[in-house]
Amino acid sequence: MDYRQFRNQIDFLLENASPNIQYRVRNEILKEAADTSEMLELQAKILALPKVKKAFACQRENGFFGSVLHGAYFDGFDSTVHLLKRNGVELTEPRMIKAREALANWQGYERDHFYKAGNAMDEHGRGGFRAIWAEQLVELGADESTARIQEQLANSLNAFRGALQHRTPDDFSKKAVFKGQPCRYYIKGAAFPAANHIRILEKTLSWRSPENLEMVKKSYSHCKELMKDYHDGFLYIYCGYFVGPFNYNWNTPKEKISIRSFDEHPIDFAWFMRDLSSASVRYPVFDDSNPHLTGSLVEMLTDRDFIRHISEEHLRHFKNYSSLAPSWRKKESIACDIYFPLLLALCR
């Protein structure tokens, strides 16, 4: 969508937003080069933000962020990289380059608490520990020809290719009950894509031959048809163990979205907005967008009373998990924090 339709909102952000939001508006919406004097000044201010300084303070001497690959802010490598990128830190920053090198040359991964469970997923082709490792290399700008990334791209393509052979969920999984809740577990050797397979394909280009693209798109549509009425809970690797893929929401409802859509689960508003403001670069593959999303975002962005409709609980979750503004002491700061994800998603 042409950003010029939202010139007033952009001007408001450029005048009132914190340096991280201003930088991302200039960079990702207005396409301003990162080496201009104004952008370099903003980047310096970003590096001085409290959350950014805290994130870099958790970086080890060898460059690794935190203590585990997959975890919470400042302890998990992946979430800390995500935080830094969302705040506008460039991949050319020396400490980001050092983090990429540390991850590429990581030796002590078997001591990671997630390794055992994630390795079980990897052994069954489900996109576990090694998939997250490869995705983080992609996020940090590693060359796609890296063996670890190519391995996961091959696994992802195999998951889609294998799924074309299935005609019902019973072909690749079996029903079970875990802690009183319905679930399924994968049949050993049966291929089916999960969220990590999809994410790494969306973020990379090297696998995109005409044949692969045709196969993946055909398989994706096939999987959606298979799973459109699926209501059997999580899919697990082993029956009775909490080990499984990061399930993809194959049958997510496609309907109009408003702030009232999150009333039952206010924290979902924070995740929704954080996803809209993601700094990950994606190259479209799957035609799976909500047909009402653009209209819903336009209504939210142009509604002068939108923030007044957001409950205190919604705002609390948003501030804890999705906020970019370092302070909410001014009402303009809250408005910038709320409106930036909506504007960014529309202009993309």
Side-chain angles (χ1 to χ4, degrees), residues 121 124-128 131-132 134-135 138 152-176 178 181-205 207-237 243-258 261-262 264-265 268 271-272 274-276 278 280-297 345 348:
M121 294 165 65
H124 287 259
R126 306 301 174 201
I132 295 175
E135 184 182 2
V138 170
Q152 294 308 311
L153 292 178
N155 287 346
S156 300
L157 293 174
N158 287 337
F160 276 101
R161 191 174 292 109
L164 286 167
Q165 309 304 313
H166 308 318
R167 293 295 172 262
T168 74
D170 294 329
D171 291 338
F172 60 90
S173 63
K174 292 184 179 180
K175 287 186 177 182
F178 181 49
Q181 297 297 318
C183 66
R184 282 179 176 260
Y185 66 95
Y186 281 106
I187 297 172
K188 187 175 181 180
F192 197 78
N196 280 346
H197 297 123
I198 292 170
R199 278 203 292 263
I200 198 165
L201 291 182
E202 286 182 320
K203 296 177 182 180
T204 52
L205 297 171
W207 62 273
R208 300 183 186 217
S209 67
E211 295 78 14
N212 281 343
L213 277 169
E214 181 181 3
M215 181 276 293
V216 166
K217 290 179 180 179
K218 179 179 179 181
S219 179
Y220 185 79
S221 297
H222 178 67
C223 291
K224 287 189 68 64
E225 183 65 23
L226 281 180
M227 300 293 281
K228 66 180 181 181
D229 298 317
Y230 181 82
H231 301 292
D232 287 337
F234 285 103
L235 285 164
Y236 295 107
I237 301 299
V243 178
F246 299 93
N247 288 31
Y248 186 74
N249 294 323
W250 294 105
N251 51 9
T252 302
K254 301 295 188 292
E255 55 195 24
K256 187 176 180 180
I257 301 169
S258 73
S261 303
F262 307 99
E264 289 189 20
H265 305 285
D268 287 349
W271 302 135
F272 172 74
R274 193 169 80 162
D275 186 61
L276 293 181
S278 170
S280 297
V281 176
R282 286 187 169 90
Y283 308 98
V285 184
F286 310 105
D287 184 14
D288 188 37
S289 59
N290 184 337
H292 305 288
L293 180 61
T294 297
S296 299
L297 296 180
R348 282 172 170 167

Peer 1: Nearest 0.5 Å, what's the NE2-CD1 distance between His124 and Ile187?
Peer 2: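 Rounded to the nearest 0.5 Å, the NE2-CD1 separation comes out at 13.0 Å.
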Peer 1: Not counting sequence neighbours, which residues clear ring pair (Phe, Tyr, Trp, His ring centres under 6.0 Å) with Phe160? List them please.
Peer 2: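 Phe160: ring pair (Phe, Tyr, Trp, His ring centres under 6.0 Å) contacts with Phe286.
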Peer 1: For the NZ atom on Lys218, are there more than 12 heavy atoms of other groups (residues, nucleotides or ligands in this structure) within a distance under 6.0 Å?
Peer 2: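 Counting neighbours around NZ of Lys218, 12 or fewer heavy atoms of other residues, nucleotides or ligands fall under 6.0 Å, so no.
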Peer 1: Got a donor-acceptor contact below 3.5 angstrom from the Ser278 side chain to the Asp275 backbone?
Peer 2: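 No, Ser278 side chain to Asp275 backbone: no donor-acceptor pair under 3.5 Å.
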Peer 1: I need the Asn155 CG to Ile200 CD1 distance, nearest 0.5 Å.
Peer 2: 9.0 Å
Peer 1: Got a second to check how far Glu202's CD is from Ser280's OG, nearest 0.5 Å?
Peer 2: 10.0 Å
Peer 1: With rounding to the nearest 0.5 angstrom, report the NZ to CG distance, Lys254 to Leu293.
Peer 2: 10.5 Å
Peer 1: Go through the steps to decide whether Asn196 and Glu135 satisfy the test side-chain contact (heavy atoms from CB on, under 4.5 Å), and finish with yes or no.
Peer 2: CA-CA 8 Å; Asn196 280 346; Glu135 184 182 2; 4.2 Å; yes
Peer 1: Distance check, rounded to the nearest 0.5 Å: Thr168 atom OG1 versus Asp229 atom CG?
Peer 2: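 These two atoms lie 12.5 Å from each other.
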Peer 1: Taking His222 for its side chain and Gln165 for its backbone only, find out whether a donor-acceptor pair lies under 3.5 Å.
Peer 2: no
Peer 1: For residues Leu201 and Tyr220, determine if any side-chain heavy atom of one lies less than 4.5 Å from a side-chain heavy atom of the other.
Peer 2: no
Peer 1: If the threshold is 4.0 Å, N to carboxylate O, is there a salt bridge linking Asp232 and Lys174?
Peer 2: no
Peer 1: For residues Phe172 and Leu235, report the shortest heavy-atom separation together with the two atoms involved.
Peer 2: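 Reported closest heavy-atom pair: CE1-CD1, 4.3 Å.
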Peer 1: Quick check: closest heavy atoms across Ser296 and Lys256, and the distance to 0.1 Å?
Peer 2: OG-CG, 3.6 Å
Peer 1: Any side-chain heavy-atom pair from Leu276 and Leu297 closer than 4.5 angstrom?
Peer 2: yes
Peer 1: Which heavy atom of Tyr185 sits nearest a heavy atom of Ile237, and at what distance?
Peer 2: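 What the structure gives for the nearest pair is CB-O, 4.2 Å.
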Peer 1: Using the salt bridge (charged side-chain N to carboxylate O under 4.0 Å, His left out) criterion, which residues pair with Lys228? Sequence neighbours excluded.
Peer 2: Glu225
Peer 1: Answer whether the closest heavy-atom distance between the side chains of Asn212 and Arg161 falls below 4.5 Å.
Peer 2: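 Yes, at least one pair of side-chain atoms sits under 4.5 Å.
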Peer 1: Can you confirm whether Leu164 sits close enough to Met215 that some side-chain heavy atom of one is under 4.5 Å from a side-chain heavy atom of the other?
Peer 2: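 Heavy-atom side-chain distance check passes, below 4.5 Å.
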Peer 1: I'd like to check Arg208 versus Val216 (side-chain heavy atoms, cut-off strictly below 4.5 Å). Are they in contact?
Peer 2: no
Peer 1: What closest approach, in Å, do Phe234 and Cys183 show between heavy atoms, and which atom pair accounts for it?
Peer 2: O-CB, 3.4 Å
Peer 1: Would you call Trp207 and Leu213 a side-chain contact if the rule is heavy atoms closer than 4.5 Å?
Peer 2: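 Yes; the side chains approach each other to less than 4.5 Å.
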Peer 1: Could you tell me whether the side chain of Tyr236 reaches within less than 4.5 Å of the side chain of Phe178, counting heavy atoms only?
Peer 2: yes
Peer 1: Passes side-chain contact (heavy atoms from CB on, under 4.5 Å), Phe262 versus Phe272? Steps please.
Peer 2: CA-CA 9 Å; Phe262 307 99; Phe272 172 74; 3.7 Å; yes
Peer 1: Could you tell me which non-hydrogen atom of Pro193 sits nearest to which non-hydrogen atom of Ala159, and how far apart they are?
Peer 2: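 For Pro193 versus Ala159, the nearest heavy atoms are CD-O, 3.5 Å.
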Peer 1: Is any side-chain heavy atom of Tyr186 closer than 4.5 Å to a side-chain heavy atom of Arg126?
Peer 2: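 Yes, at least one pair of side-chain atoms sits under 4.5 Å.
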Peer 1: Check the angle between the aromatic planes of Phe192 and His166 and answer parallel, tilted or perpendicular using the 30° and 60° thresholds.
Peer 2: tilted
Peer 1: Supply the atom-to-atom distance Ile198 CD1 to Lys203 NZ, rounded to the nearest 0.5 angstrom.
Peer 2: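 The NZ atom of Lys203 is 12.5 Å from CD1 of Ile198, to the nearest 0.5 Å.
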